[in-house]
Amino acid sequence: MASYSVNTKREKKVFDTEDDVAKAMAEYTFNLSKKFCKKRGYFTIVLSGGDLVLWLKKLLVPEYAETEWSKWHVFWVDERVVPLDDKDSNYKQTLDSFLSEVPIPTSNIYAIDQNCAALGDAKGAAIVYEECIKRLVNQNIIRTYKSSGFPQFDLQLLGMGPDGHMASLFPGHYQIKEKASLVTYITNSPKLPPKRITFTLPVINCASYNLMAVCGEAQADAVAKVFKDDFNLPSARLTADTQAIWYLDKTAASKLPSECL
Ligand SMILES: O=C1O[C@H](COP(=O)(O)O)[C@@H](O)[C@H](O)[C@H]1O
(Lines give C-alpha, C1' and ligand atoms only; values in the text may rest on other atoms or scores of the structure.)
Protein backbone atom coordinates (compact mmCIF):
# COMPACT_ATOMS: atom_id res chain seq x y z
CA MET A 1 0.00 0.00 0.00
CA ALA A 2 1.34 3.46 -0.93
CA SER A 3 1.80 6.22 1.60
CA TYR A 4 -0.89 8.78 2.22
CA SER A 5 -0.78 12.47 2.91
CA VAL A 6 -3.62 14.58 4.19
CA ASN A 7 -3.22 17.80 6.04
CA THR A 8 -6.52 19.51 6.54
CA LYS A 9 -6.67 22.39 8.97
CA ARG A 10 -8.35 21.60 12.29
CA GLU A 11 -11.64 23.53 12.60
CA LYS A 12 -13.92 23.91 15.60
CA LYS A 13 -17.35 25.09 16.71
CA VAL A 14 -18.27 25.69 20.34
CA PHE A 15 -21.87 25.11 21.46
CA ASP A 16 -23.59 26.05 24.73
CA THR A 17 -24.66 22.58 25.79
CA GLU A 18 -24.11 18.88 25.13
CA ASP A 19 -27.60 18.74 23.68
CA ASP A 20 -26.65 21.45 21.15
CA VAL A 21 -23.55 19.44 20.17
CA ALA A 22 -25.65 16.31 19.66
CA LYS A 23 -28.20 18.20 17.53
CA ALA A 24 -25.49 19.81 15.41
CA MET A 25 -23.79 16.44 14.92
CA ALA A 26 -27.09 14.99 13.69
CA GLU A 27 -27.56 17.87 11.25
CA TYR A 28 -24.01 17.49 9.91
CA THR A 29 -24.56 13.75 9.45
CA PHE A 30 -27.92 14.22 7.72
CA ASN A 31 -26.48 16.75 5.26
CA LEU A 32 -23.55 14.51 4.35
CA SER A 33 -25.81 11.49 4.02
CA LYS A 34 -27.91 13.47 1.53
CA LYS A 35 -24.83 14.60 -0.40
CA PHE A 36 -23.19 11.16 -0.70
CA CYS A 37 -26.41 9.18 -1.32
CA LYS A 38 -27.16 11.53 -4.22
CA LYS A 39 -23.62 11.46 -5.58
CA ARG A 40 -22.82 7.73 -5.31
CA GLY A 41 -25.86 5.90 -4.04
CA TYR A 42 -24.08 4.92 -0.80
CA PHE A 43 -23.16 6.59 2.45
CA THR A 44 -20.24 5.02 4.33
CA ILE A 45 -20.33 6.15 7.94
CA VAL A 46 -17.95 5.16 10.71
CA LEU A 47 -19.12 5.34 14.32
CA SER A 48 -17.36 5.34 17.69
CA GLY A 49 -18.41 4.16 21.11
CA GLY A 50 -18.61 6.21 24.27
CA ASP A 51 -20.91 9.19 24.76
CA LEU A 52 -21.49 9.58 21.05
CA VAL A 53 -23.72 6.50 20.94
CA LEU A 54 -26.51 8.36 22.75
CA TRP A 55 -26.09 11.53 20.71
CA LEU A 56 -26.93 9.58 17.53
CA LYS A 57 -30.53 9.45 18.77
CA LYS A 58 -30.90 13.03 17.57
CA LEU A 59 -31.11 11.62 14.05
CA LEU A 60 -34.41 10.00 14.96
CA VAL A 61 -36.48 13.19 14.71
CA PRO A 62 -39.10 13.97 12.00
CA GLU A 63 -36.79 16.64 10.51
CA TYR A 64 -34.53 13.84 9.26
CA ALA A 65 -37.28 11.48 8.09
CA GLU A 66 -35.95 11.67 4.52
CA THR A 67 -32.65 10.03 5.47
CA GLU A 68 -31.97 7.26 2.95
CA TRP A 69 -31.18 4.62 5.54
CA SER A 70 -31.12 1.79 2.98
CA LYS A 71 -28.03 3.39 1.42
CA TRP A 72 -26.07 3.57 4.67
CA HIS A 73 -23.09 1.29 5.31
CA VAL A 74 -22.10 1.41 8.97
CA PHE A 75 -18.65 0.67 10.44
CA TRP A 76 -16.90 1.18 13.77
CA VAL A 77 -13.63 3.06 14.10
CA ASP A 78 -12.88 0.85 17.09
CA GLU A 79 -14.49 -2.01 18.91
CA ARG A 80 -14.01 -3.75 22.20
CA VAL A 81 -13.20 -7.47 21.79
CA VAL A 82 -16.08 -8.74 23.87
CA PRO A 83 -19.12 -10.82 22.86
CA LEU A 84 -21.56 -8.86 20.72
CA ASP A 85 -24.19 -8.96 23.47
CA ASP A 86 -21.80 -7.67 26.15
CA LYS A 87 -22.70 -4.30 27.67
CA ASP A 88 -19.23 -2.98 26.70
CA SER A 89 -19.67 -3.75 23.01
CA ASN A 90 -19.81 -0.55 20.94
CA TYR A 91 -21.96 -2.49 18.46
CA LYS A 92 -24.49 -3.53 21.13
CA GLN A 93 -24.68 -0.05 22.63
CA THR A 94 -25.30 1.49 19.20
CA LEU A 95 -27.79 -1.21 18.24
CA ASP A 96 -29.80 -0.71 21.43
CA SER A 97 -29.92 3.06 21.29
CA PHE A 98 -30.00 3.89 17.58
CA LEU A 99 -29.56 1.18 14.96
CA SER A 100 -32.59 -0.81 16.09
CA GLU A 101 -34.72 2.29 15.38
CA VAL A 102 -33.73 2.80 11.73
CA PRO A 103 -34.21 0.63 8.60
CA ILE A 104 -30.56 0.10 7.69
CA PRO A 105 -30.24 -3.36 6.10
CA THR A 106 -28.55 -5.72 8.57
CA SER A 107 -26.11 -6.73 5.84
CA ASN A 108 -24.89 -3.10 5.70
CA ILE A 109 -23.91 -3.06 9.38
CA TYR A 110 -20.33 -4.26 9.77
CA ALA A 111 -19.80 -5.43 13.33
CA ILE A 112 -16.62 -7.11 14.59
CA ASP A 113 -16.41 -10.84 13.76
CA GLN A 114 -18.59 -12.54 16.35
CA ASN A 115 -16.47 -15.68 16.76
CA CYS A 116 -13.27 -13.73 17.40
CA ALA A 117 -15.20 -11.43 19.72
CA ALA A 118 -16.59 -14.36 21.71
CA LEU A 119 -13.14 -15.96 21.95
CA GLY A 120 -11.42 -12.70 22.92
CA ASP A 121 -9.18 -13.03 19.86
CA ALA A 122 -8.15 -9.41 19.22
CA LYS A 123 -5.57 -10.20 16.53
CA GLY A 124 -8.01 -12.42 14.62
CA ALA A 125 -10.76 -9.81 14.90
CA ALA A 126 -8.46 -7.12 13.45
CA ILE A 127 -7.50 -9.38 10.52
CA VAL A 128 -11.13 -10.23 9.72
CA TYR A 129 -12.24 -6.58 9.95
CA GLU A 130 -9.42 -5.53 7.62
CA GLU A 131 -10.45 -8.24 5.13
CA CYS A 132 -14.03 -6.98 5.29
CA ILE A 133 -12.91 -3.41 4.50
CA LYS A 134 -10.76 -4.60 1.57
CA ARG A 135 -13.67 -6.65 0.16
CA LEU A 136 -15.94 -3.59 0.26
CA VAL A 137 -13.24 -1.52 -1.44
CA ASN A 138 -13.13 -4.14 -4.22
CA GLN A 139 -16.90 -3.93 -4.50
CA ASN A 140 -16.65 -0.13 -4.80
CA ILE A 141 -18.83 0.40 -1.74
CA ILE A 142 -15.91 2.04 0.05
CA ARG A 143 -13.93 4.50 -2.04
CA THR A 144 -10.13 4.78 -1.90
CA TYR A 145 -8.13 7.88 -1.07
CA LYS A 146 -6.56 9.09 -4.31
CA SER A 147 -4.09 6.47 -5.51
CA SER A 148 -2.98 5.34 -2.04
CA GLY A 149 -5.19 2.28 -1.85
CA PHE A 150 -6.33 3.36 1.63
CA PRO A 151 -10.08 3.18 2.16
CA GLN A 152 -11.84 6.53 2.22
CA PHE A 153 -15.00 6.70 4.30
CA ASP A 154 -17.51 9.48 3.71
CA LEU A 155 -17.89 10.45 7.37
CA GLN A 156 -16.43 9.38 10.69
CA LEU A 157 -17.99 10.44 13.98
CA LEU A 158 -15.32 10.38 16.65
CA GLY A 159 -14.95 10.96 20.36
CA MET A 160 -11.96 11.69 22.59
CA GLY A 161 -11.19 10.36 26.07
CA PRO A 162 -9.76 12.59 28.86
CA ASP A 163 -6.28 11.18 28.07
CA GLY A 164 -6.57 12.37 24.45
CA HIS A 165 -7.20 8.96 22.91
CA MET A 166 -9.37 8.62 19.84
CA ALA A 167 -10.68 5.33 18.49
CA SER A 168 -8.50 2.85 20.45
CA LEU A 169 -5.28 4.76 19.74
CA PHE A 170 -3.95 5.61 23.18
CA PRO A 171 -1.10 7.99 24.12
CA GLY A 172 2.21 6.18 24.52
CA HIS A 173 1.02 2.97 22.84
CA TYR A 174 2.62 1.82 19.59
CA GLN A 175 -0.65 1.43 17.64
CA ILE A 176 -0.62 5.16 16.81
CA LYS A 177 2.53 4.53 14.73
CA GLU A 178 1.04 1.69 12.66
CA LYS A 179 1.06 2.76 9.01
CA ALA A 180 0.80 -0.43 6.96
CA SER A 181 -2.34 -2.12 8.31
CA LEU A 182 -5.84 -0.75 8.04
CA VAL A 183 -6.95 -2.27 11.33
CA THR A 184 -4.78 -3.05 14.34
CA TYR A 185 -5.38 -4.30 17.88
CA ILE A 186 -4.44 -3.69 21.48
CA THR A 187 -4.58 -6.15 24.37
CA ASN A 188 -3.58 -3.82 27.22
CA SER A 189 -5.78 -0.81 26.69
CA PRO A 190 -5.50 1.68 29.58
CA LYS A 191 -9.28 2.09 29.36
CA LEU A 192 -11.21 -1.13 30.00
CA PRO A 193 -12.00 -3.49 28.43
CA PRO A 194 -8.34 -4.21 27.59
CA LYS A 195 -8.76 -5.97 24.24
CA ARG A 196 -9.83 -3.81 21.32
CA ILE A 197 -9.46 -3.42 17.58
CA THR A 198 -9.05 -0.03 15.94
CA PHE A 199 -8.62 1.66 12.58
CA THR A 200 -5.08 2.92 12.15
CA LEU A 201 -4.26 6.63 11.84
CA PRO A 202 -3.86 6.58 8.02
CA VAL A 203 -7.36 5.12 7.63
CA ILE A 204 -8.85 7.59 10.10
CA ASN A 205 -7.21 10.55 8.38
CA CYS A 206 -8.14 9.51 4.84
CA ALA A 207 -11.86 9.98 5.56
CA SER A 208 -13.53 12.76 3.62
CA TYR A 209 -15.10 14.26 6.75
CA ASN A 210 -14.08 13.73 10.36
CA LEU A 211 -16.29 15.14 13.07
CA MET A 212 -14.86 14.94 16.59
CA ALA A 213 -17.57 15.62 19.18
CA VAL A 214 -16.39 16.31 22.75
CA CYS A 215 -18.40 17.42 25.77
CA GLY A 216 -17.66 17.84 29.45
CA GLU A 217 -15.06 19.18 31.85
CA ALA A 218 -13.12 15.90 32.04
CA GLN A 219 -11.88 16.45 28.50
CA ALA A 220 -11.09 20.19 28.83
CA ASP A 221 -7.34 19.75 29.50
CA ALA A 222 -6.95 17.37 26.57
CA VAL A 223 -8.89 19.72 24.25
CA ALA A 224 -6.53 22.57 25.22
CA LYS A 225 -3.48 20.38 24.52
CA VAL A 226 -4.85 19.32 21.13
CA PHE A 227 -5.39 22.94 20.08
CA LYS A 228 -1.82 23.70 21.21
CA ASP A 229 -0.72 20.93 18.82
CA ASP A 230 0.52 18.54 21.49
CA PHE A 231 1.00 15.56 19.17
CA ASN A 232 1.60 13.20 22.11
CA LEU A 233 -2.18 13.05 22.18
CA PRO A 234 -3.45 10.82 19.36
CA SER A 235 -6.47 13.12 18.87
CA ALA A 236 -4.13 16.01 17.98
CA ARG A 237 -3.16 14.04 14.88
CA LEU A 238 -6.68 14.00 13.47
CA THR A 239 -7.01 15.40 9.96
CA ALA A 240 -9.26 14.55 7.01
CA ASP A 241 -9.33 14.82 3.26
CA THR A 242 -12.02 17.53 3.13
CA GLN A 243 -12.86 18.65 6.66
CA ALA A 244 -11.73 17.78 10.18
CA ILE A 245 -14.01 19.63 12.57
CA TRP A 246 -14.33 19.60 16.35
CA TYR A 247 -17.74 20.17 17.96
CA LEU A 248 -17.24 21.16 21.59
CA ASP A 249 -19.56 22.18 24.36
CA LYS A 250 -18.58 25.18 26.49
CA THR A 251 -17.12 23.09 29.31
CA ALA A 252 -14.91 21.02 26.99
CA ALA A 253 -13.71 24.29 25.41
CA SER A 254 -13.21 26.06 28.75
CA LYS A 255 -9.41 25.66 28.88
CA LEU A 256 -8.69 26.56 25.27
CA PRO A 257 -5.91 29.14 25.00
CA SER A 258 -7.30 32.60 24.17
CA GLU A 259 -5.63 32.60 20.74
CA CYS A 260 -7.82 29.59 19.82
CA LEU A 261 -11.14 31.21 20.78
O1 LIG B 1 -13.39 3.60 24.67
C2 LIG B 1 -13.75 4.43 23.86
O3 LIG B 1 -13.60 5.74 24.16
C4 LIG B 1 -13.64 6.77 23.16
C5 LIG B 1 -14.04 8.06 23.84
O6 LIG B 1 -15.27 7.86 24.53
P7 LIG B 1 -15.97 9.03 25.33
O8 LIG B 1 -17.06 8.37 26.15
O9 LIG B 1 -14.93 9.66 26.20
O10 LIG B 1 -16.53 9.97 24.32
C11 LIG B 1 -14.57 6.39 22.01
O12 LIG B 1 -14.48 7.33 20.99
C13 LIG B 1 -14.19 4.99 21.53
O14 LIG B 1 -14.96 4.63 20.40
C15 LIG B 1 -14.46 4.03 22.64
O16 LIG B 1 -14.18 2.68 22.28
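Just so you know, these numbers come straight off a predicted model, no measurement behind them. Order of listing sets the numbers, starting from 1, for every ligand and every atom in it.
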Notebook entry, point to check: Strictly under 6.0 Å, is that where the ring centroids of Phe153 and Tyr209 end up?
Noted result: no
Check: Can you tell me if Asp20 and Thr17 form a side-chain donor-acceptor pair at under 3.5 Å?
Finding: yes
Note to self: Can you name the atoms of ligand 1, numbered from 1 with element, that are less than 4.0 Å from a heavy atom of Gly159?
What the structure shows: 12 (O)
Note to self: Is it the case that the ring center of Tyr110 lies less than 6.0 angstrom away from the ring center of Phe75?
What the structure shows: yes
Item checked: Test item, Met166 contacting ligand 1 (heavy atom, 4.0 angstrom) -> no
Margin query: If you measure every N or O of Gly49 against every N or O of ligand 1, does any of those distances drop under 3.5 Å?
Written below: yes
Next item on the list: Enumerate the atoms of ligand 1 whose separation from the nearest heavy atom of Ser48 is less than 4.0 angstrom.
Entry: 12 (O), 14 (O)
Check: Heavy atom of Asp51 under 4.0 Å from ligand 1?
Finding: yes
Notebook entry, point to check: Nearest protein heavy atom to atom 1 (O) of ligand 1, by residue and atom, and its distance?
Noted result: Arg80 NH2, 2.9 Å
Next item on the list: Going by heavy-atom distance to atom 9 (O) of ligand 1, choose the closest among Glu79, Gln219, His165.
Entry: Gln219
Notebook entry, point to check: Is the Trp69 ring parallel, tilted or perpendicular to the Phe98 ring (thresholds 30°, 60°)?
Noted result: perpendicular
Check: Will you find, in the side chains of Trp76 and Ser48, an N or O donor that is under 3.5 Å from an N or O acceptor?
Finding: no
Check: Quick one: do the Asp78 and Thr198 side chains pair a donor with an acceptor below 3.5 Å?
Finding: no
Notebook entry, point to check: Does a donor on one side chain sit under 3.5 Å from an acceptor on the other, for Asn210 and Gln243?
Noted result: no
Note to self: Is the contact between Asp78 and ligand 1 made by the side chain, the backbone, both, or neither, using heavy atoms and a 4.0 Å cut-off?
What the structure shows: side chain
Notebook entry, point to check: Against heavy atoms of Asn90, which atoms of ligand 1 measure under 4.0 Å?
Noted result: 14 (O), 16 (O)
Notebook entry, point to check: Does Arg196 count as lying over the ring of Tyr185, i.e. NZ or CZ under 6.0 Å from the six-ring centre, within 45 degrees of the axis?
Noted result: no
Check: Would you say Lys191 and ligand 1 have an N/O pair spaced under 3.5 Å apart?
Finding: yes
Notebook entry, point to check: Touching ligand 1 at all, Arg196? Heavy atoms, strictly under 4.0 Å?
Noted result: yes
